[in-house]
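What you are looking at is a predicted structure, and each value in this text was computed from that prediction instead of being measured.
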Amino acid sequence: MSISLIAKDIKESATLLINEKAAILRAKGEPLIHLGGGEPKSKAPLSAILAANAIINSGEVRYAPADGIPELKAAIIRYTEDYYKIKVAPENVIASSGAKQALMIALMAVLNPQDEVIFPAPYWVSYSEMVKMIGAVPVPVLPEDGSFYPRIEDIERYITSYTKVIMLNSPNNPTGAVYSRQFIKDVVELTQKRGIYLIMDDIYHRLVFDGVEWVNVFDYAKELTDNTKVVIINGVSKQYAMTGFRIGWAVANKKLIEVMRILQGHQTSGPSVVMQKAAVGALNGPQSQVDALRVSLQNNCQVMMERLGAFNGVRANRPDGSFYVFVDFSYYEKDSRKLANFLLDKVRVATVPGVDFGLEGHLRLSTCGSIKDITEGLERIKWAVDPDSPNELFIGMRKLVRDWL
Ligand code: PMP
Ligand code: GLU
């Protein structure tokens with residue numbers, strides 16, 4: 001079969017793959033613990049469900065403007081004006097099929113083949129592949145000091161005449177790092193000076209833990225004008241536990257949004273109208289569920305960090321937000337895919353290999369499950385990788401692992 005050179009070079013999404021593997025094992029009745037998935041387990045808000053039901057029940061679900069129904073745009077404008085303290089017009093907004101599509105069309109709108117996109121590593125698995133899908137060049141930047149907090153010098157070093165975009169994700173998937181005020185300020189100044197785009201993937205911005213400051217990029221970019229080269233990406237997936245609804249959005253200068261609208265018109269004709277209504281329900285409905293999610297993630301993270309502390313050989317940075325902990329397991333195994341497969345096969349714990357986020361030797365663990373999932377999942381991992389750990393609970397399983405080895 002003849003496959004394009006670009007398509008051949010694209011890796012499957014490791015995060016989606018682990019969800020599929022987990023679903024298959026669960027369907028077979030396997031006692032799986034899913035520490036891989038990046039999605040909250042709570043239900044979607046009632047206001048979202050009612051809004052989707054209402055339009056379905058009307059039986060009238062038609063094509064709509066490719067950049068989103070006016071009601072959703074109005075809700076996104078309110079949201080953006082509240083959180084970013086800027087003035088936003090409908091022409092500054094596009095709703096897409098997930099933040100993923102919003103990001104993809106933003107990149108398509110600005111990149112030529114061979115252009116370069118800089119983003120801090122470790123990074124969400126799709127960043128590198130999205131850039132490659134356009135024929136452009138991903139430039140992941142691992143902070144030199146070994147931390148998950150890039151400094152402006154780290155980024156500056158990689159700027160070339162091909163650099164078109166810097167892309168930031170704070171809180172970060174997979175590390176949970178929230179970038180500092182100084183760093184955001186420096187990046188805004190750098191992108192303004194160089195005339196390059198700054199894409200802020202803020203999909204986890206309401207899931208920041210107590211005592212941590214999330215920084216609004218418009219504290220420094222100031223206002224959204226026709227010349228502003230800042231793009232905000234967000235969506236309902238994470239904050240409202242609406243991953244399967246597939247609604248995200250971008251806010252940017254009018255010209256860029258117009259180009260994105262044209263691209264999206266040819267791709268999907270716009271996101272599902274039913275799901276756009278649901279997103280309106282979520283954005284305009286009661287908001288207490290978002291903070292409840294944030295607090296429960298913070299508690300889960302605390303428990304996960306405590307349990308990780310009991311391992312002899314792991315290193316884990318305390319996340320500032322999101323629902324991930326990115327853990328260095330290289331003391332036990334340097335090949336993260338091998339380790340993730342081993343854990344899935346032998347102790348039925350799903351994790352995502354760090355190499356897919358651009359950093360080998362690590363596993364991404366999700367805190368989205370219950371406290372029981374976290375404690376038992378880590379217990380099983382510990383026992384599988386740390387053969388000398390005293391543990392009476394999983395004798396049978398340990399035997400299984402040893403037999404396998
Ligand atoms: N950005 C980041 C950093 C993510 O982790 C995700 C994963 N869902 C997305 C964007 C895309 O979100 P969605 O398409 O579900 O809105
Ligand atoms: N973003 C989620 C994660 O990192 C899963 C969905 C996806 O990658 O598209 O686990």
Side-chain angles (χ1 to χ4, degrees), residues 15-16 19 37-56 61 64-84 88 90 92-106 124 126 169-171 173 199-208 214 216 231-252 257 260 264 268 270-297 321-324 366 368:
T15 49
L16 295 184
N19 287 344
E39 58 183 353
K41 298 292 182 290
S42 39
K43 290 201 171 166
L46 187 59
S47 53
I49 297 165
L50 293 176
N53 275 336
I55 180 164
I56 283 279
V61 185
D67 53 343
I69 58 174
E71 230 181 315
L72 178 54
K73 283 192 159 210
I76 295 168
I77 290 171
R78 251 197 319 279
Y79 182 100
T80 312
E81 292 188 340
D82 273 5
Y83 284 102
Y84 294 86
V88 180
N92 292 122
V93 176
I94 185 165
S96 298
S97 302
K100 197 176 246 180
Q101 192 192 17
L103 260 170
M104 186 71 211
I105 53 173
W124 177 44
S126 289
N169 171 219
S170 168
N173 176 4
I199 299 184
M200 297 295 300
D201 179 349
D202 286 345
I203 191 129
Y204 298 101
H205 83 112
R206 290 171 84 187
L207 304 177
V208 169
W214 171 77
N216 160 20
V231 182
I232 294 168
I233 302 289
N234 215 320
V236 295
S237 284
K238 312 292 178 176
Q239 49 182 323
Y240 297 108
M242 288 172 66
T243 47
F245 286 69
R246 310 304 309 125
I247 297 294
W249 61 82
V251 177
I257 293 292
M260 291 167 68
Q264 182 162 281
T268 59
S272 155
V273 172
V274 176
M275 298 315 168
Q276 290 192 64
K277 288 279 188 183
V280 173
L283 287 167
N284 292 350
Q287 298 297 300
S288 54
Q289 196 175 325
V290 182
D291 204 49
L293 172 64
R294 186 189 72 79
V295 170
S296 82
L297 290 168
S322 84
F323 29 71
Y324 309 109
S366 157
C368 287

Do the side chains of [Y] and [X] get nearer than 4.5 Å, heavy atoms only?
X	Y	value
Tyr79	Trp249	yes
Ser96	Arg246	no
Gln264	Ser97	no
Val231	Leu103	no

Nearest-0.5 Å distance that lies between atom [atom1] in [X] and atom [atom2] in [Y]:
X	Y	atom1	atom2	value
Leu207	Tyr324	CG	OH	9.5 Å
Met275	Ile69	CE	CD1	12.0 Å
Ile203	Ser322	CD1	OG	12.0 Å
Met260	Ile94	CE	CD1	5.5 Å
Leu72	Asp67	CG	CG	10.0 Å
Met200	Ile233	CE	CD1	11.0 Å

How close do [X] and [Y] get, heavy atom to heavy atom, and via which atoms?
X	Y	value
Ala66	Pro271	O-CD, 4.1 Å
Ala64	Val273	CB-CG2, 3.6 Å
Met242	Pro45	SD-CD, 3.8 Å
Gly321	Pro171	C-CB, 4.1 Å
Ser272	Ile247	O-CD1, 4.2 Å

- Message: Tell me whether the rings of Tyr204 and Phe323 are parallel (<30°), tilted (30 to 60°) or perpendicular (>60°).
- Response: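 Answer is perpendicular, since the angle exceeds 60°.
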Does [X] use its side chain to pair, donor to acceptor, with the backbone of [Y] at less than 3.5 Å?
X	Y	answer
Glu81	Val88	yes
Gln239	Arg206	no
Lys73	Gly68	no
Lys238	Gly38	yes

- Query: Do you see a donor-acceptor pair shorter than 3.5 Å between the side chains of Asp202 and Tyr84?
  - Reply: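 Result is yes, a qualifying pair exists.
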- Query: Take atom NZ in Lys41; do more than 12 heavy atoms of anything else shown fall under 6.0 Å from it?
  - Reply: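 Enclosed: over 12 neighbouring heavy atoms sit under 6.0 Å from NZ of Lys41.
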